[in-house]
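Residues: numbered from 1 along the sequence shown. All values derive from a computational prediction rather than experimental measurement.
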Amino acid sequence: ISALVPARAGDLVRAGLLRRDHAIPIASGFGSIAAERAFDALTLVLLAALAGAWALAGRTPAWVWQSVAATAALFVAAIIGLIAGPRLEGWLTDLFAWPLYQKATHFGFDLLRSVRDLGRQPAALLVVAAQSLYVWLCDVLLAYLLLCGLGTPLPLAVAAFTAMAADLAVTVPVTPGAVGQFEAAFVGLLALFAVPTAQASLTVLLNRFISFWTFIVFSGLVTYATGLSRVVMEAKQVASGR
């Protein structure tokens, strides 16, 4: 779903499915998603910064460092919120008696507690961090192998910077699956290394075919096999009952 709609709206569906199928509270579902996104963003920022410093030696575009700084600031703010949150709960809860405010406040602190609970499981955090690193390094390897296969063998550091900076540019996709957004960033980054536009365009098209379009087919089959088919059958039963 996140590949078909903008702004990773599939995360909302994931939290809803966790509640419906596994009785996991919405706050806990969002807590797991928030932790996953935080690890993804932190890993991506570190890899992009290291690869940029290695590949460009002082010529890294300003927007890359701005994205790194913004992500790091958000991460620090999240850590501060996790530490200070419990101390502010009583004061914020009693601030207004409006029902909507009370519900939002309780939900927010339930979300904070679920993330804090995850922080008490270092083994689980290590597994999440390792998986995040593995996923992003696969993106690096894909970019590197495509460039080599298309007759534009660039150093691994360049492939790593291009892949990570392009992924960083679409951390919050404004189009479904970041279509167009990712391609523009990828081609623009390769231009920094004098890769011809035609070659860069072919590289990004093959990259997206492998990592995005085949993913839609595979995830569509998995979705149908594990859940969508049941929803369709339930809808048919409701329709026939009427």
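Through direct or indirect side-chain contacts shorter than 4.5 Å among Ile, Leu, Val, Met, Phe, Trp and Tyr, L18 is connected to I24. With a 4.5 Å cut-off between side-chain heavy atoms of Ile, Leu, Val, Met, Phe, Trp and Tyr, the cluster of L42 takes in L46, F75, I79, I83. As a member of the Ile/Leu/Val/Met/Phe/Trp/Tyr network built from side-chain separations under 4.5 Å, I1 groups with V5, V13, L17. If you chain together ILVMFWY residues whose side-chain heavy atoms come under 4.5 Å of each other, L126 ends up in a group of its own.
Heavy-atom contacts from other residues, nucleotides or ligands closer than 6.0 Å to CZ of F215 number 12 or fewer. No more than 12 heavy atoms of other residues, nucleotides or ligands lie within 6.0 Å of CZ in F209, so this atom counts as exposed by the packing criterion.
Judged as a ring pair (Phe, Tyr, Trp, His ring centres under 6.0 Å), and not counting sequence neighbours, the contacts of F182 are F186. Residues satisfying the side chain to side chain donor-acceptor pair (under 3.5 Å) criterion with Q131, sequence neighbours excluded, are absent altogether. A search for ring pair (Phe, Tyr, Trp, His ring centres under 6.0 Å) contacts involving W91 returns nothing, not counting sequence neighbours. D40 meets the side chain to side chain donor-acceptor pair (under 3.5 Å) test with S132; sequence neighbours excluded. Scanning for side chain to side chain donor-acceptor pair (under 3.5 Å) contacts around E89 gives R113, with sequence neighbours left out. For R208, the side chain to side chain donor-acceptor pair (under 3.5 Å) partners two or more places apart in sequence, or in a different chain, are E183. Every residue meeting the salt bridge (Lys or Arg N to Asp or Glu O under 4.0 Å) condition with R120, not counting sequence neighbours, appears here in chain and number order: D117.
Residues I26 and L111 have side chains not in contact (no heavy-atom distance under 4.5 Å, counting atoms from C-beta outward). With contacts defined as side-chain heavy-atom distances shorter than 4.5 Å, the pair S201/V187 qualifies. Taking 4.5 Å as the limit, every side-chain heavy atom of P25 sits out of range of all side-chain heavy atoms of R19. You'll find the side chain of T203 stays beyond 4.5 Å of the side chain of T152, heavy atoms only. Side-chain contact check for L50 versus F161: every heavy-atom pair is 4.5 Å or farther apart. The side-chain heavy atoms of C148 and P153, taken from C-beta on, include a pair separated by under 4.5 Å.
Taking OH of Y101 as the reference point, atom NE2 of H106 lies at 9.5 Å (rounded to 0.5 Å). To the nearest 0.5 Å, atom CG of residue L47 and atom CE of residue M164 are 6.0 Å apart. Between the CZ atom in F109 and the OG1 atom in T93 there is a gap of 5.5 Å [rounded to 0.5 Å]. The line from CG of L205 to CD1 of I210 is 11.0 Å long, rounded to the nearest 0.5 Å. Remark: L190 CG to T162 OG1 distance equals 4.5 Å, nearest 0.5 Å. With rounding to the nearest 0.5 angstrom, the CG atom of L168 is 5.0 Å from the CG atom of L44.
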Derivation and outcome, side-chain contact (heavy atoms from CB on, under 4.5 Å), residues D139 and W136
CA-CA 5 Å; D139 270 11; W136 294 123; 3.8 Å; yes
As a quick check of understanding, evaluate side-chain contact (heavy atoms from CB on, under 4.5 Å) for N207 and F212, giving each step before the final call.
CA-CA 8 Å; N207 185 303; F212 180 69; over 6 Å; no
Tell me, with the steps shown, if F39 and L125 meet side-chain contact (heavy atoms from CB on, under 4.5 Å).
CA-CA 9 Å; F39 273 102; L125 290 177; 3.6 Å; yes
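A chain of hydrophobic side-chain contacts below 4.5 Å, direct or via other Ile, Leu, Val, Met, Phe, Trp or Tyr residues, connects V204 to L192. Hydrophobic clustering (side-chain heavy atoms under 4.5 Å, transitive across Ile, Leu, Val, Met, Phe, Trp, Tyr) keeps L206 apart from L145. When hydrophobic clusters are built by joining Ile, Leu, Val, Met, Phe, Trp and Tyr residues whose side-chain heavy atoms come closer than 4.5 Å, directly or via intermediates, L142 is grouped together with L150. In the hydrophobic cluster analysis, where Ile, Leu, Val, Met, Phe, Trp and Tyr join through side-chain heavy atoms closer than 4.5 angstrom, F96 is grouped together with L92. V170 and V135 fall into different hydrophobic clusters, where Ile, Leu, Val, Met, Phe, Trp and Tyr are joined by side-chain heavy atoms under 4.5 Å apart, directly or via other members.
Residue pairs that meet the side chain to side chain donor-acceptor pair (under 3.5 Å) test with at least one member in residues 163-175, sequence neighbours left out, do not exist here.
In terms of heavy-atom proximity, F193 sits nearest to A55 at CE2-O, 4.3 Å. Between S28 and S114 the shortest heavy-atom distance is CA-CB, 3.8 Å. Of all the heavy atoms in A185 and A166, the pair that sits closest is CB-CA, 4.2 Å. Summarising the geometry of L4 relative to I216, their closest heavy-atom pair is CD2-CD1, 4.1 Å, with the distance given to 0.1 Å. Looking at every heavy atom in both residues, S2 comes nearest to D11 through OG-N, 3.8 Å.
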